[in-house]
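Quick note: numbers below take in every heavy atom, side chains included, and nothing from hydrogens, waters or symmetry partners.
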Amino acid sequence: MAHMVETMAYAGEVPWHGLGVPVSNDLTPIQMMEKAGLDWKVHEVESFIEFEGNRMPTGLKSLVRGTDGKILTNVGENWNPVQNETAFEFFSEFVLSGDMEMHTAGSLHDGRMVWALAKVKESFDIFGGDQVDSYLLFSNPHQYGKSIDVRFTPIRVVCNNTLTLSLDRKSDQSVKVGHRVEFNPDSVKEALGIAHEKFATYKEMAKFLGSKRYSVDSLIEYYNTVFPRTSDKRVQDKVLSIDTLSRNAKLAHDSLQTQPGATYAEGSWWQVFNSVTYITDHVQGRNADNRLYSSWFGGNQLRKKDALKTAIEFAEAA
């Protein structure tokens, strides 16, 4: 198992990152938690230091994993850890009603980040076979400074690119809950209640991008916007061309015609946007689990939001 992913289980086909152990797709959320090796509790324990033979309290608490005593993080007062079981029970009513099925679950960073992903039984098909499915991702961090994050995310089937429902960082289609308050699953579900409408809006956005064609100049400008180069006067003095693109911009450009699903809406801004999501999910990063983390929780998550917003702006100007 790669070093960032500690444990993982998945239903269906092998994930694009190739990690985890296979399970059936009819598991209850709690059964998925157990198969993924996440049936452990977090305990708050007083933290101490040794100084000149004396044992003194630090005023902090350590979050300790019950199965092996591993210290996950140190926290202050009024911290409310959410147990893994609570996170997985969040999906129970959706799974029991038949609206979702558990898809993947796992632990990253030695237990500091636990996630569960459920497939929503809702999808759309555009451009004669380009299918996009909807998923619900629950991130439960056992780490100081990290918030619980529950969000809907589309995934393009042909290439397993993780897309984004958000057209603007300020209106991210997710709910974040800090550990300074008690986690209330009902209020989170209420906040996520309009996800169906958001998914329908995303379909219209995808169709719009697929209807607008790019030019060579606008394509270069787009990649330079999404993957800007560091300041270099030698580059600034040149006419913008493929030669002036940054390394990651060139990777996206090179994948434009070779990425899976490149023939869907070929020559359009939908194709261009997906070249960015393709390299962030499948090419960048040192290894598969590093790409998984960055795609869902790290810098590439924000990169894809910017790429979508910018693609819409260029398509509107086309």
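Put simply, the side chain of Leu209 reaches to within 4.5 Å of the side chain of Ile312, judged on heavy atoms. Residues Val150 and Phe90 meet the side-chain proximity criterion, which asks for heavy atoms closer than 4.5 Å. Taking the side chain as every heavy atom from C-beta outward, Val120 and Asp133 never approach each other to under 4.5 Å. Arg156 is listed as a side-chain neighbour of Tyr264, based on a closest heavy-atom distance under 4.5 Å. The closest side-chain heavy-atom distance from Asp26 to Glu101 is not below 4.5 Å. Using a 4.5 Å heavy-atom cutoff, the side chains of Glu85 and Met33 are in contact. Residues Leu219 and His253 have side chains in contact (heavy-atom distance under 4.5 Å, counting atoms from C-beta outward). At least one side-chain heavy atom of Phe138 sits under 4.5 Å from a side-chain heavy atom of Phe91.
Shown here for Tyr222 and Ala311, the closest heavy-atom pair between the two residues is CE1-N, 3.5 Å. Listed here is the closest heavy atom pair of Phe273 and Tyr202: CE2-OH, 3.8 Å. Scanning both residues, Ser107 and Leu38, for their nearest heavy atoms gives CB-CD2, 3.6 Å. Here the closest non-hydrogen pair linking Val82 and Asn140 is O-ND2, 2.9 Å. Closest heavy-atom contact between Met113 and Pro141: CE-CB, 3.9 Å. When all heavy atoms are compared, the tightest approach of Ala252 to Ser275 is O-CB, 3.6 Å.
For the residue pair Tyr223/Ser246, the side-chain donor-acceptor check at 3.5 Å is not satisfied. In the model, Ser255 has no side-chain atom that pairs as donor or acceptor with a side-chain atom of Thr258 under 3.5 Å.
Formation of a donor-acceptor pair under 3.5 Å by the Ser62 side chain with backbone atoms of Val64 is not found in this model. For Asn80 (side chain) and His179 (main-chain N/O), a donor-acceptor pair under 3.5 Å exists by modelled atom type. Side chain of His282 to main chain of Cys159: a donor-acceptor pair is present (N/O by atom type, distance under 3.5 Å, no hydrogens or angles). Looking only at distances, a side-chain donor or acceptor of Arg229 sits under 3.5 Å from a matching main-chain atom of Leu245. Not a single donor-acceptor pair under 3.5 Å links the side chain of Thr310 to the backbone N or O of Ala307. Side-chain atoms of Asn224 never come within 3.5 Å of backbone atoms of Pro228 as a donor-acceptor pair (strictly under, hydrogens ignored). A donor-acceptor pair is defined here as one N or O able to donate and one able to accept, closer than 3.5 Å; such a pair exists between the side chain of Gln271 and the backbone of Ala262. Remark: side-chain polar atoms of Thr280 are paired, donor with acceptor, to backbone N or O of Val276 under 3.5 angstrom. Put simply, the side chain of Asp99 never gets that close to the backbone of Lys121: no donor and acceptor are under 3.5 Å apart. Within the 3.5 Å criterion, the main-chain N or O of Gln31 finds a donor-acceptor partner in the side chain of Thr28.
Residue-environment remark: CZ (Arg213) stays at or below the threshold of 12 foreign heavy atoms within 6.0 Å. Counting heavy-atom neighbours within 6.0 Å of Ile71 CD1, excluding the residue itself, gives a total of 12 or less.
In this structure, CZ in Phe227 is found 5.5 Å from CG in Asn248, a value given to the nearest 0.5 Å. Between His43 atom NE2 and Gln83 atom CD the span is 7.0 Å, to the nearest 0.5 Å. Met100 contributes atom CE, which lies 11.5 Å from atom OG of Ser92 (distance to the nearest 0.5 angstrom). Annotation: the span from Met32 atom CE to Leu117 atom CG amounts to 9.0 Å, rounded to 0.5 Å. Atom OG in Ser47 sits 10.5 Å away from atom CG in Leu63 (nearest 0.5 Å). The structure places OG1 of Thr225 at 9.0 Å from CD of Glu313, a figure rounded to the nearest 0.5 Å.
Residues His103 and Tyr135 place their aromatic rings such that the two centres sit under 6.0 Å apart. In this structure, His142 has its ring center under 6.0 Å from that of Trp40.
Residues Val158 and Ile126 fall within the same hydrophobic cluster, defined by Ile, Leu, Val, Met, Phe, Trp and Tyr side chains chained together at heavy-atom separations under 4.5 Å. Note on Val272 and Val283: same hydrophobic cluster, where clusters join Ile, Leu, Val, Met, Phe, Trp and Tyr whose side-chain heavy atoms are under 4.5 Å apart, directly or indirectly.
Annotation: cation-pi pair Lys189/Phe94 present, NZ/CZ under 6.0 Å from the ring centroid and within 45° of its normal.
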Taking it one step at a time, do Tyr214 and Ser268 satisfy side-chain contact (heavy atoms from CB on, under 4.5 Å)? CA-CA 6 Å; Tyr214 62 83; Ser268 74; 5.7 Å; no

Tell me, with the steps shown, if Asp125 and Asp130 meet side-chain contact (heavy atoms from CB on, under 4.5 Å). CA-CA 5 Å; Asp125 188 306; Asp130 199 355; 5.5 Å; no

Run Lys309 and Lys305 through side-chain contact (heavy atoms from CB on, under 4.5 Å) and show every step you take. CA-CA 6 Å; Lys309 183 174 180 290; Lys305 292 177 184 177; over 6 Å; no

Could you walk me through whether Arg55 and Glu46 pass the salt bridge (Lys or Arg N to Asp or Glu O under 4.0 Å) check? CA-CA 12 Å; Arg55 188 166 180 260; Glu46 294 290 342; over 6 Å; no

Does the side-chain contact (heavy atoms from CB on, under 4.5 Å) test come out yes or no for Arg112 and Thr73, once each step is laid out? CA-CA 8 Å; Arg112 293 180 180 88; Thr73 192; 5.7 Å; no

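Aromatic ring pairs are classed by plane angle as parallel below 30°, tilted from 30° to 60° and perpendicular above 60°; the pair Phe124 and Phe199 is tilted. Ring geometry, Phe127 versus Trp270: the interplanar angle falls from 30° to 60°, so the pair is classed tilted. Aromatic ring orientation, Trp269 versus Phe314: tilted (interplanar angle from 30° to 60°).
Of the candidates Asp281, Thr277, Thr153, Asp281 is the only one forming a side chain to side chain donor-acceptor pair (under 3.5 Å) with Lys304.
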